[in-house]
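Quick notes on the structure that follows.
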Amino acid sequence: MKNMGLSRLVLVDPLDFPSGDAVARASGATDVLEAAQVVGTLEEALVGCSLVLGTSARDRRIPWPLLDPRECGVAACEQSMQGGEVALVFGREYAGLTNEELQRCQFHVHIPSDPEFSSLNLAAAVQVLAYEVRMAWLAAQNKPTKTAKLETTAILNAQPVTADELESFYAHLEQALVEIGFLDPAKPRHLMSRLRRLYGRSGISKLEMNILRGILTETVKAARGEHHKQGETDV
Ligand code: SAH
């Protein structure tokens with residue numbers, strides 16, 4: 001929960017709480033556990049909630065409005081941004097939620113697991129839904145979901161090559177291929193246009209272009225029997 005930015009845990013009639021095991025497994029997120037509210041019944045837990053989403057590993061006999069985890073994330077997020085309180089209800093590790101408990105929920109959420117083996121561990125199911133809530137929340141806030149920041153040099157290196165740079169690369173490539181005997185200028189076939197298609201598809205960056213040009217230069221030198229100094233290339 002804490003990983004995904006959720007903090008309000010309500011435990012209904014817990015078997016073991018406070019629990020040494022739970023503290024150990026929380027690996028540092030003990031504030032969530034310490035702040036957990038303990039109640040006797042699901043009814044008490046749901047007081048004040050305007051959207052109640054119940055999770056289940058099984059298809060129930062009674063048809064019920066069903067959401068997938070992604071829709072659940074969006075619905076939970078929308079409701080909470082409108083000021084409503086949302087409950088995601090999870091069941092017991094071994095027995096899940098009873099039909100009666102599930103009927104207290106406006107929507108059911110099922111993680112579309114393999115029907116032959118549909119039940120996730122409780123913690124794994126919580127994580128899937130908490131993650132979907134987080135993704136929906138990040139999207140609603142226009143926050144990025146990719147946090148890697150490119151360094152300036154990395155940005156420069158990732159810059160795509162321009163058409164003119166590509167043209168001079170193709171000229172270099174053709175000259176090198178002739179020189180090493182791979183391309184016969186008398187019988188070029190479609191080699192260069194095929195290579196253009198190949199390189200054109202790969203979205204080459206400026207840095208990668210420099211690597212390719214370096215390889216061509218060294219290939220030609222090697223073909224001419226010219227000596228290559230170790231460490232000459234800096235890529
Ligand atoms: N035998 C129980 C399994 C409980 S698994 C049953 O069939 O209901 C423990 C809890 O994890 C479930 O109550 C539910 O809250 C959640 N869970 C497990 N698998 C799930 C799935 N595929 N979709 C939604 N929730 C799931």
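Just so we're clear, the structure is a prediction, and the values are computed from it rather than from any experiment. Atoms within a ligand are numbered from 1 in the order they appear, just like the ligands themselves.
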Quiz item: Do ligand 1 and Ala125 have nitrogen or oxygen atoms that lie under 3.5 Å from each other?
Solution: no
Quiz item: If you measure every N/O of Leu120 against every N/O of ligand 1, is any gap under 3.5 Å?
Solution: yes
Quiz item: Between the main-chain N or O of Ile215 and the side-chain N or O of Thr217, is there a donor-acceptor pair closer than 3.5 Å?
Solution: no
Practice problem: Would you kindly specify which portion of Pro112 sits under 4.0 Å from ligand 1, judged on non-hydrogen atoms: side chain, backbone, both or neither? | Solution: neither
Quiz item: Do Ser50 and Gln79 come within less than 4.5 Å of each other through their side chains, counting heavy atoms only?
Solution: yes
Quiz item: For atom 8 (O) of ligand 1, which candidate among Gly96, Pro69, Ser118, Ala124 provides the closest heavy atom?
Solution: Gly96
Quiz prompt | Under-4.0 Å heavy-atom contact with ligand 1, by part of Ser113 that carries it | solution = side chain
Practice problem: Please answer: with hydrophobic residues joined when any side-chain heavy atoms are less than 4.5 Å apart, are Val86 and Val74 in the same cluster? | Solution: no
Quiz item: Below 4.5 Å, heavy atoms only, C-beta onward: do Arg70 and Met135 meet side chain to side chain?
Solution: no
Exercise. Below 4.0 angstrom from a heavy atom of Arg92, which ligand 1 atoms are there? Numbered from 1 as shown, please.
Key: 4 (C), 9 (C)
Practice problem: May I ask you to identify, for Val109, whether its side chain, its backbone, both or neither come under 4.0 Å of ligand 1 on a heavy-atom basis? | Solution: backbone
Exercise. Could you name the option among Thr55, Leu129, Asn121 that has the heavy atom nearest to atom 15 (O) of ligand 1?
Key: Thr55
Quiz item: Do the ring planes of Tyr199 and Tyr170 sit parallel (below 30°), tilted (30 to 60°) or perpendicular (above 60°)?
Solution: tilted
Self-check item: Residue Leu122 vicinity, atoms of ligand 1 by number, heavy atom under 4.0 Å
Solution: 10 (C), 11 (O)
Quiz item: Which atoms of ligand 1 have any heavy atom of Ser119 under 4.0 Å away?
Solution: 3 (C), 4 (C), 5 (S), 19 (N)
Quiz item: Do you reckon Leu122 sits in the same ILVMFWY cluster as Leu11, going by side-chain contacts under 4.5 Å, direct or chained?
Solution: yes
Quiz item: Are Val12 and Val126 co-members of a hydrophobic cluster defined by side-chain heavy atoms under 4.5 Å apart?
Solution: no
Quiz item: Should Gly91 be counted as touching ligand 1, given the test is an N or O pair under 3.5 Å?
Solution: yes
Quiz item: Hey, any chance Leu198 and Leu216 share a hydrophobic cluster, counting ILVMFWY side chains that come within less than 4.5 Å of each other, even indirectly?
Solution: yes
Self-check item: Pair Thr162-Asp164, side-chain donor/acceptor within less than 3.5 Å
Solution: yes
Quiz item: Just heavy atoms, cut-off under 4.0 Å: does Arg58 contact ligand 1 by side chain, backbone, both, or neither?
Solution: side chain
Quiz item: Which ligand 1 atoms does Ser56 reach within 4.0 Å, using its non-hydrogen atoms?
Solution: 21 (C), 23 (N), 24 (C), 25 (N)
